[in-house]
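To start, the structure itself, in structure tokens.
Proteins come first, then strands; the chains are lettered A, B, ... in the order of their sequence lines, and each starts at number 1. Computation of the quantities below employed the complete heavy-atom set of this structure, encompassing side-chain atoms and omitting hydrogens, waters and symmetry-equivalent molecules.
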2 protein chains.
Amino acid sequence: MSGSLKIGLLGRGTVGGAFAELVEQRAATIETAIGREAEISGVLTTGQGDFEQILAGADVMVELMGGTDPARQYVLASLEAGVPVVTANKQLLAKHGGELFAAAEKAGVQLRFEAAVAAVVPVIRVVQESFGAVEFSKVFGIVNGTTNFILSEMAATGASYAETLKRAQDLGYAEADPTEDVNGADAAAKMAILARLAFHTPVTLDMVDFEGIESVQPDDLAYAKELGLSLKLLGVAERLPDGITVRVFPCFLYPGHPLSPIEGPFNAVMVEAPEITEVTMSGPGAGGQQTAAAVLGDLVSVVTGDAPTHHAPEELEVLSDVASSFYIHLEVADEPGVLAEVAKMLADHEISVKSVVQRGIGSDARLVMVIHQCLESRFKQAIGEIGRLGSLRSPPRYIRVIEEEFV
Amino acid sequence: MSGSLKIGLLGRGTVGGAFAELVEQRAATIETAIGREAEISGVLTTGQGDFEQILAGADVMVELMGGTDPARQYVLASLEAGVPVVTANKQLLAKHGGELFAAAEKAGVQLRFEAAVAAVVPVIRVVQESFGAVEFSKVFGIVNGTTNFILSEMAATGASYAETLKRAQDLGYAEADPTEDVNGADAAAKMAILARLAFHTPVTLDMVDFEGIESVQPDDLAYAKELGLSLKLLGVAERLPDGITVRVFPCFLYPGHPLSPIEGPFNAVMVEAPEITEVTMSGPGAGGQQTAAAVLGDLVSVVTGDAPTHHAPEELEVLSDVASSFYIHLEVADEPGVLAEVAKMLADHEISVKSVVQRGIGSDARLVMVIHQCLESRFKQAIGEIGRLGSLRSPPRYIRVIEEEFV
């Protein structure tokens, strides 16, 4: 291979810094993926670096400075010089997407921007590549984590919008100036990008109507709960008989809607088309490291080109004895001491019990428990011994449990 | 462009037939996506067609015949002849993935297989391409729709496994011979493929331990409900300190787990890594048309190569007046006739009410309602008139609602 891959990095704030760190941490994986080493050959920050010089030494440019000016000039100059660009800049794409895509096409180089919408949730790639020949009817979802956190908290605590915003700021889920997040403008930029890709039509930010969550009252959430509704700030891009609509607004969802369980700072996007029914993607919609991971994914794609590699350079051992948590169902004799007997056998194997339900009388008595994680071999020994107890009316039944509990 | 794209099609069962239909239906979109027309130039079925002849005339081969023999020979022969292949054949990849990937790499042509795992849920592409340089810690999920339907139904109805399987067969969610689905073997093949891609290690089907759902008792589901648990057949591929584990087993989940709301024939896969936290993808995991849509997405990628196109050939009108459903919150005077007044004003604008909550007394009286979908311009007129009512103590508040209700 022709030496290392030289990455020009524009901006070294939260995401830029996380990206530089990730390139270092994942050096071995990146080398395996792209077939050569990668290094950051130049960094431009407000006080440091010269763009022309960075461009001259770069194989690929990563733009993480944000804002449209001078990001637009730098991205255009890179593409025109035949250097592919990866960016996380939603404002830039929502306002100047047409110009940038045309420049990339003219130069025959890639422009990738997964991280511009919902960070690590792979919605850009899925819309553009997985469903490259699908006629989408609708693309919609929760594309702003700050507002989703605030609405989840308001619903859970009954606190006011102002109090909850303050709490979100304290926890790092809202910026000191949260205007663009809470008024819907941030989500509108992301929806402009998604609508353009889904409907192959030149949507820009100024075409997107948006409303925010500033006027949501705790009352609304309380009454809505009685109707079974949960509130989300939704971005909706939809194909209608006469055109399309691209909007952002707070919206109630009925229970069972795939977006209603999305809580806190997570993002989720649904795509719909007759031939695919619907596909939902969710995950963290922000965060320096998560955004940087999406940028790195794009970078690898830019370099490796068309065919994903199927290399299997590792020979990892496939283990069979692992730790699991179990549900145990015992049909027991209705007599004193059975629980004590079973509990002692588990304790003898250092297996601890998480929860127990004892139910039924006479010939229907049952002992149902969930045990904490232990090595399966140890569990099998214990359950074997339990199975030989005289107080059991049938062989023990057991099913694994994933122990994580959520709020 | 150099004439039309010639597609060789191996197999014309449910998925093959749906694929052929989709290529015809979506001819215009495909032409836009790949820059030339596409046509199926040859079809091989049990009784018809000659493989060598089809191969000689094909620019790309689509293998939808299933089974490993003769699919393996045909796929290898295509790759060796320099013809890229798209397949939905999970058995083939789970058993002979290493050989096929090596053949593709040697020939320098693409082998794509999104539809082999979870149909239209884009998990293969996301694992391989979106997160090309991520070190996954875990890839797991619900990758068999038949068993998820059966478990959802058993939990909802309390019916036995045998009864529910019969019902699944009647509804087309289970095959006449459901063995491979219900015993976990189908899910095991998919997990072998995912584990290989996620961990870059040569996992094959015979390394995957699997258990099915045949011995799940309605009792287990009833008792588990008391513990707040829901049952899923999970495939789990996990990186551990000493190696990896790849297994399929029925497993209880606590409420709030991202996989617990996945009901019926849907599939869902979660990927975890420190730098991405977690990403969840869900959608229909089977179905002729849905599987065909995933195959078509792969086909477009094989043809277009590296850079996704950003063409915007359509100029769709962005509409602002669309139909929405609304929640309305009115602080009203505690006097008779207010509901009647409001209801009449809505009726005058042909707006129909879906649900009403009237609550509070005296200075806290409220009227909260959800109305069915109507044009927003019409709603704004109605709410304007309502706002002028003397019986309101403050301006009306309203928030949009997505009306779809789910089970």
Side-chain angles (χ1 to χ4, degrees), chain A residues 26 29-30 33 101 110 120 122 125-126 128-133 135 200-202 207 223 226 243-245 249-254 256 261 275-277 279-284 289 293 296-297 300-301 305-308 310 312 314 316-319 322 327 357 368 399-402 405-406, chain B residues 26 29-30 33 101 110 120 122 125-126 128-133 135 200-202 207 223 226 243-245 249-254 256 261 275-277 279-284 289 293 296-297 300-301 305-308 310 312 314 316-319 322 327 357 368 399-402 405-406:
Chain A
R26 292 287 179 260
T29 320
I30 297 169
F101 297 149
Q110 292 198 42
V120 84
R125 189 181 299 258
V126 166
Q128 285 202 287
E129 298 177 52
S130 296
F131 302 130
E135 290 177 7
H200 303 295
T201 196
M207 299 175 190
Y223 275 81
E226 296 191 31
I244 58 171
T245 165
F249 47 82
C251 185
F252 284 114
L253 301 175
Y254 280 89
E275 59 266 51
I276 64 171
T277 319
V279 168
T280 308
M281 292 158 271
S282 63
Q289 211 184 13
L296 183 57
V300 169
S301 292
D306 51 0
H310 304 284
E314 297 196 60
L316 298 170
E317 194 183 348
V318 179
L319 308 169
V322 295
Y327 150 101
V357 177
V368 175
I399 294 176
R400 289 176 189 78
V401 175
I402 288 190
E405 290 195 61
F406 295 78
Chain B
R26 292 287 178 260
T29 320
I30 297 170
F101 298 151
Q110 292 198 42
V120 85
R125 188 182 299 259
V126 166
Q128 286 201 288
E129 299 177 52
S130 295
F131 303 130
E135 289 177 8
H200 303 296
T201 197
M207 300 175 192
Y223 275 81
E226 296 191 32
I244 58 170
T245 165
F249 48 80
C251 185
F252 284 114
L253 302 175
Y254 280 89
E275 59 265 53
I276 65 171
T277 318
V279 168
T280 309
M281 292 158 273
S282 63
Q289 211 184 14
L296 184 56
V300 169
S301 292
D306 52 0
H310 305 284
E314 295 197 62
L316 298 170
E317 194 183 346
V318 178
L319 308 169
V322 296
Y327 150 100
V357 177
V368 175
I399 294 177
R400 289 174 188 79
V401 176
I402 289 190
E405 289 194 62
F406 296 77

| task | Kindly compute the distance separating OG (A:Ser130) from CE (B:Met281), expressed to the nearest 0.5 Å. | result | 9.5 Å
| Hey, which of B:Cys251, B:Pro250, B:Ala293 has the most heavy atom pairs under 4.5 Å with chain A? | B:Cys251
| request: Side chain from CB out, backbone as N, CA, C, O: work out which of these in B:Val279 comes under 4.5 Å of a heavy atom of chain A, or both, or neither. | output: both
| said: As an exercise: rank A:Val322, A:Ile30, A:Leu253, A:Thr280 by heavy-atom pairs under 4.5 Å with chain B and give me the winner. | reply: A:Thr280
| Which atoms of B:Val300 come close to chain A, meaning under 4.5 Å heavy atom to heavy atom: side chain ones, backbone ones, both, or neither? | side chain
| task | Look up atom CG in A:Leu296 and atom CD in B:Glu275, then write down how far apart they are to the nearest 0.5 Å. | result | 8.0 Å
| Which value, rounded to the nearest 0.5 Å, describes the distance between B:Ser301 atom OG and A:Phe131 atom CZ? | 11.0 Å
| field | A:Tyr254 and B:Val401, any side-chain heavy atoms less than 4.5 Å apart | value | yes
| task | To the nearest 0.5 Å, tell me how far B:Gln289 CD sits from A:Ile276 CD1. | result | 10.5 Å
| field | Heavy-atom contact with chain A under 4.5 Å, split by part of B:Pro261 | value | side chain
| query | Between B:Leu319 and chain A, which part of the residue has a heavy atom less than 4.5 Å away: side chain, backbone, both or neither? | reply | both
| Side chains of A:Thr29 and B:Glu135: is there a donor and an acceptor less than 3.5 Å apart? | yes
| query | Which atoms of B:Val318 come close to chain A, meaning under 4.5 Å heavy atom to heavy atom: side chain ones, backbone ones, both, or neither? | reply | both
| query | At what distance, to the nearest 0.5 angstrom, does OG1 of B:Thr201 lie from CD of A:Glu317? | reply | 10.5 Å
| request: Could you check which of B:Ala133, B:Ser282, B:Pro122 has the highest count of heavy-atom pairs closer than 4.5 Å to chain A? | output: B:Ser282
| message | Heavy-atom pairs under 4.5 Å with chain A - which of B:Val368, B:Ile244, B:Thr277 has more of them than the others? | response | B:Ile244
| Heavy-atom side-chain contact between B:Phe252 and A:Ile399 under 4.5 Å | yes
